[in-house]
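What follows is a single structure, written as structure tokens, with notes after it.
Since this is a predicted model, take the numbers as computed values, not measurements. Every chain is numbered from 1 and lettered A, B, ... according to where its sequence line falls, protein lines coming before strand lines.
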Amino acid sequence: ILGGRTSRPGRWPWQCSLQSEPSGHICGCVLIAKKWVLTVAHCLEGRENAAIWKVVFGINNLDHPSAFVQTRLVKTIILHPRYSRAVVDYDISIVELNEDIDETSYVRPVCLPSPEQSLQPDTYCYITGWGHMGNKMPFKLQEGEVRIISLEQCQSYFDVKTITARMICAGYESGTVDSCMGDSGGPLVCERPGGQWTLFGLTSWGSVCFSKVLGPGVYSNVSYFVEWIERQIYIHTFLLN
Amino acid sequence: CLYNSCLDSCGGSSLCDPSNSLNNCSQCEPITLELCMNLPYNHTNYPNYLGHRTQKEASISWESSLFPALVQTNCYKYLMFFACTILVPKCDVNTSQRIPPCRALCEHAKEHCESVLGIVGLQWPEDTYCNQFPEENSDNQTCLMPDEDVEECSPSHFKCGSGRCVLASRRCDGQPDCDDDSDEENCGCKERDLWECPSNKQCLKYTFICDGFPDCPDNMDEKNCSFCQDDELECANHECVSRDRWCDGVADCLDSSDEWDCVTLSKNANSSSFLTAHRSATAHHVCGDGWQETLSRLACKQMGLGEPSVTELIPEQEQDQQWLTLHSSWETLNATTLHELLVKGQSCHSRSKISLLCTKQDCGRRPAARMNKR
């Protein structure tokens, strides 16, 4: 996360770290139910073998596992069938854990939006992750507040790529908060009246985050995928026979 | 290199003999970088001249955005060709030798386009200094020069009638970008070999039609995809499955859609909700005979909701109500869904249906900030 700040432990209990040996942290991910995590397809593409992955929850400093850490192996990886590497569209993936997490105040799921719920431009939300800070890779979880911008305005920053209804854009002034490499798959969340946090985006792609070029971060639009997500969880939970 | 892990160690390490470390260190690989898929050669090897170690790295690099945008300024006719010779250098499949661009090609590209970059405060990519490339025909080192049938535009560009290249995303966007406006001509879906949604004229790839994912606002792209018999219903993937196999607990559609949404809650006037189970595509009330709380829990979970908060048995007024009742030995079945436990055609002795309220999943809450008095 560029331009953010170090998060207080437990502040984002749904944030998880998708890890694979020998490199450790590869991507961010988000807990949405006791046995289910969301991330983006481009983190898993070409490495869809569940056995090489593990998911770590309840962690703030990647280098110092706390007492609240829970680690789970991966049982199933479901990439969206329309994921396109060339245009980074339909960039979403569901991961089934090998067993439930224990819900604690440091490990608990985020809410999913309803399909009709969409984010209006100029809404402020938060992004979090252990991605590049511009000058180094952090050990401690970073957070930052970003402003949602319209898809039309977002398209004006990208010539080669097309911004689609499966995407959300946020933040764009250079020097303000932005996501970066290593944040992929992590959450863009917004607080609802009443204090509940809802997951609207997953960090997906954007301009080269620490170059001079301006450009917003682009996030997978979770509202667009909610029905697919719920369908997949239903099929893999109830239609086992 | 002597060791099979050559590729990694060659990236700048001294394990290999520096004089030929770049030439015979890695094998040729097919070009997959979409930007450079229309070159007169189709194999490359890495690292490339910009230091990228893989094509994936090249595809998300700054240069892979910079050059296509710069091509639109028409600063040099063969700029895209030169960009590709350094992004995906030609690899001779017979010798695995790398064939660099000629120095003249590099110098022409830089001479014509560096100043254009300067106008917008950007720099020519640092490590494309031209004297690393051989002169044309110098001491029999082959190098690449464009011949007349080289494509000036990349596959990610649209070629204007005037010959200029503009990015494909600018085609039919309502803003003319070609000097002859040709990018805003023939913008109908059919002209672009695309399919048109009747409701909003949106253009879709043909592969998106009848693929089970609705794209048009009125889902027209997923209609008329198959013609089932009268006693059949259409699956989400447009297969036809006989009606009496729907919600019988066994997936008959390849995508299992005949077993989706088989258990729902139907609201009535006084806002209590009745548990409804579908069988053969017909909704039934669930009979309360032998009902247990574990079944309420299964029902709520199956509908993606939280724990059951209220389960009631409500007398049914209608005489000819269609019932589904619990299988006589449902506890011994290893069913994973509630509707697998229900059977049709039995009478409901209590003549009462299940009214059920499920809580919502608890989510999105953060622990309150801990205040530690000092």
Region of [X] that comes under 4.5 Å of a non-hydrogen atom in chain B:
{"X": "A/P13", "value": "side chain"}
{"X": "A/R11", "value": "both"}
{"X": "A/W228", "value": "side chain"}
{"X": "A/E227", "value": "neither"}

Answer yes or no: does atom [atom1] of [X] have more than 12 heavy-atom neighbours from other residues, nucleotides or ligands under 6.0 Å?
{"X": "A/K140", "atom1": "NZ", "result": "no"}
{"X": "B/E34", "atom1": "CD", "result": "no"}
{"X": "B/K159", "atom1": "NZ", "result": "yes"}

Would you please test A/F238 and B/L298 for side-chain contact (heavy atoms from CB on, under 4.5 Å) and show each step? CA-CA 10 Å; A/F238 293 97; B/L298 174 59; 4.0 Å; yes
Out of curiosity, [X] [atom1] to [Y] [atom2], how far, rounded to the nearest 0.5 Å?
{"X": "A/E103", "Y": "B/D362", "atom1": "CD", "atom2": "CG", "value": "6.0 Å"}
{"X": "A/I235", "Y": "B/W260", "atom1": "CD1", "atom2": "CH2", "value": "4.5 Å"}
{"X": "A/S105", "Y": "B/R365", "atom1": "OG", "atom2": "CZ", "value": "14.0 Å"}
{"X": "B/C363", "Y": "A/L199", "atom1": "SG", "atom2": "CG", "value": "10.5 Å"}
{"X": "B/D255", "Y": "A/R231", "atom1": "CG", "atom2": "CZ", "value": "9.5 Å"}

Counting heavy-atom pairs closer than 4.5 Å to chain B, which one of A/E230, A/R192, A/Q196 comes out on top? A/Q196
Let's go through B/R366 and A/W14 carefully: what are the C-alpha distance in whole Å and the side-chain angles of both, what is the deciding distance for side-chain contact (heavy atoms from CB on, under 4.5 Å) to 0.1 Å, and is it a yes or a no? CA-CA 9 Å; B/R366 293 199 299 194; A/W14 39 80; 3.5 Å; yes
For the pair A/Y90 and B/F208, name the ring-plane relationship: parallel under 30°, tilted 30 to 60°, perpendicular over 60°. perpendicular
Sort B/K56 into side chain, backbone, both or neither according to what part of it lies under 4.5 angstrom from a heavy atom of chain A. both
So what's closer than 4.5 Å to chain A heavy atoms on B/D177: side chain, backbone, both or neither? neither
Using every non-hydrogen atom in the two residues, find where B/P214 and A/Y224 come nearest and quote the distance to one decimal. O-OH, 4.5 Å
